[in-house]
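Below you'll find the structure, written out as C-alpha cells, and then a few comments.
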Amino acid sequence: MMRPYNFSAGPAAIPLEVLERAAKEMTDWHGCGMGVMEMSHRGKEFISIYEQAESNFRTLLSVPPAFKILFMQGGGLAENAIVPLNLSRGLDVDFVLSGSWSQKSFKEAMRYCSPRIAASSEPNGFRDFPHPSTWDVNPKAQYLHICTNETIHGVECHALPDLKSLGSDAPLVIDFSSHVLSQPVDWHRVGLAFAGAQKNIGPAGLTIVVVREDLLEQALPICPSAFEYATVAKNSSMYNTPPTYSIYMAGLMFEWLLTQQEGSLGGVLAMQKRNQEKARLLYDAIDASSFFSNPVSLPSRSWMNVPFFLADPAKDATFLKQAHDRGLLQLKGHKSVGGMRASIYNAMPIEGVQALVDFLKDFEANEA
Ligand SMILES: *Cc1c(COP(=O)(O)O)cnc(C)c1O
C-alpha cells in the first residue's frame with residue numbers, strides 16, 4: 001500500500017526507507033543484543049553511532065574544521081536563550097526580523113542582553129527577507145541574528161549576507177532549523193548556526209549547533225552548565241545524556257542523504273536541485289491559479305515551506321478534508337497566519353508535490 005504524503009511543518013515526514021531501517025534495528029542493533037534506546041551513551045556501540053552521525057553531518061554540509069558540531073537538547077526556542085547566554089556578553093546584539101521565528105528570538109534575547117532591530121519586514125507583513133543593503137548594522141553588536149528560513153511565513157534568505165561589507169565584524173548567527181541540509185551553507189559568513197531536528201532531519205529532541213571555536217569561551221556566568229557551548233564541546237556533547245535515539249535517527253537520515261543522487265550531483269547538492277524543482281512546481285501551480293495565492297515576494301520565497309491561501313476561506317475545511325481523503329496530510333496553515341501550508345522538506349519526493357498540484361487543479365475546477 002502507498003503511504004500518504006505528509007506535508008507537516010514539524011515534526012515532519014521521514015523517508016520510509018529510514019523508518020523501515022529503524023524498525024528493523026529496533027530490538028537488536030547490529031547484533032549487539034540491545035536496541036539503541038537501551039544503550040549507555042558512553043558505551044562503544046552508541047559512541048560509534050554518534051561519531052558516524054557527526055562525521056556524516058560534517059561531510060554533508062562541508063563544515064570546516066574550525067567549527068564544532070554540538071548535539072544538544074532544548075530545540076530552537078531554547079537556543080533563543082542559549083545563544084545570547086553564550087555569545088552576547090550581556091551587551092548589544094542585532095536582529096533582522098523576517099517573520100515569527102526571528103521575532104521570537106529577538107524577544108527572548110531581551111532577557112539577557114540589549115537586542116536592537118537592524119532591519120524588519122514586519123511593516124509589509126513579512127512578505128520578504130530584508131535586503132542586506134537596507135540594514136542598519138550596529139558596529140558594536142556582539143553578533144547579528146537572522147532566521148534563514150521562516151517556517152511560518154515561508155520566507156527564505158537565499159544568499160547569506162557578508163557582514164564585513166556592511167562594516168561589521170560581528171559573527172552572523174543563523175537559525176536554519178527548517179532548511180538545514182536542503183542546500184549548502186557558506187560557512188565563511190557564519191559564526192554560529194542552530195537547527196532543531198524535527199523539521200528536516202528527524203525526530204524532535206535533538207538540536208544541532210555548529211559554532212566557530214573562537215566563540216566558545218564567552219558565556220555569561222548565569223548560563224546553565226549543560227547549555228554552555230564550551231562545556232558541551234569539551235565533552236563531545238556528552239556532558240549530560242544527549243538525546244540518543246534522536247541522534248541515531250538523525251544518523252540514519254544523514255546516511256540516506258549521502259546516497260541521494262540527481263544526475264552528477266550527490267548529497268546536499270542533489271537535495272538542493274530536487275528542492276528547487278519541487279518548489280518551482282508548486283509555486284507555478286499557485287501562481288497560475290486565480291483561486292490559490294502565495295503572498296511572499298518572488299526572491300524570498302521558501303523552497304521548504306509554502307504557505308498558500310484559498311480565495312474563499314469558507315472552503316478551507318472542505319479543502320483539508322478532500323486533501324486528506326486523497327492521501328495529502330497536514331496541510332493546515334499555522335494558526336497565526338491561517339490558510340494552508342505545504343512543507344516540502346528533503347523527505348518529500350517530487351511525486352508528492354505533483355499529487356498536491358494535481359489536487360489543487362481538481363479542487364479549483366470543482367469547487368471554485
Ligand atoms: C520550529 C522552529 C523553531 C522552534 O523549534 P522548537 O524545537 O519548537 O523550539 C525555531 N526556529 C525555526 C525557524 C523553526 O522552524
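For ligands, and for the atoms within them, numbers begin at 1 and follow the listed sequence.
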Just list the side-chain donor-acceptor pairs under 3.5 Å for residues 352-361, sequence neighbours left out, or say none.
| from | atom 1 | to | atom 2 | distance (Å) |
| --- | --- | --- | --- | --- |
| Gln354 | NE2 | Asp358 | OD1 | 2.9 |

Original post:
For ligand 1, what is the set of protein residues having any non-hydrogen atom at a distance below 4.0 Å?
Top reply: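 The answer is Gly75, Gly76, Leu77, Trp101, Cys147, Asn149, Thr151, Asp175, Ser177, Ser178, Gln198, Lys199, counting any residue whose heavy atom sits under 4.0 Å from ligand 1.
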**OP:** Mark yes when over 12 heavy atoms from residues, nucleotides or ligands other than His30 sit less than 6.0 Å from its NE2; otherwise mark no.
**Re:**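 More than 12 heavy atoms, drawn from other residues, nucleotides or ligands, come within 6.0 Å of this atom.
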Original post:
Hey, are the side chains of Trp101 and His153 touching, using non-hydrogen atoms and a 4.5 Å cut-off?
Top reply: no
Original post:
Hey, is the main chain of Leu265 close enough, under 3.5 Å, to the side chain of Lys273 for a donor-acceptor pair?
Top reply: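 Side chain of Lys273 to backbone of Leu265: no pair is present.
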Original post:
Should Asp175 and Lys104 count as an ion pair when the cut-off is N to O under 4.0 Å?
Top reply: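 No, this pair does not count.
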Original post:
With a 6.0 Å cut-off on ring centres, are Phe319 and Phe292 close enough?
Top reply: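 So the answer is yes for these two rings.
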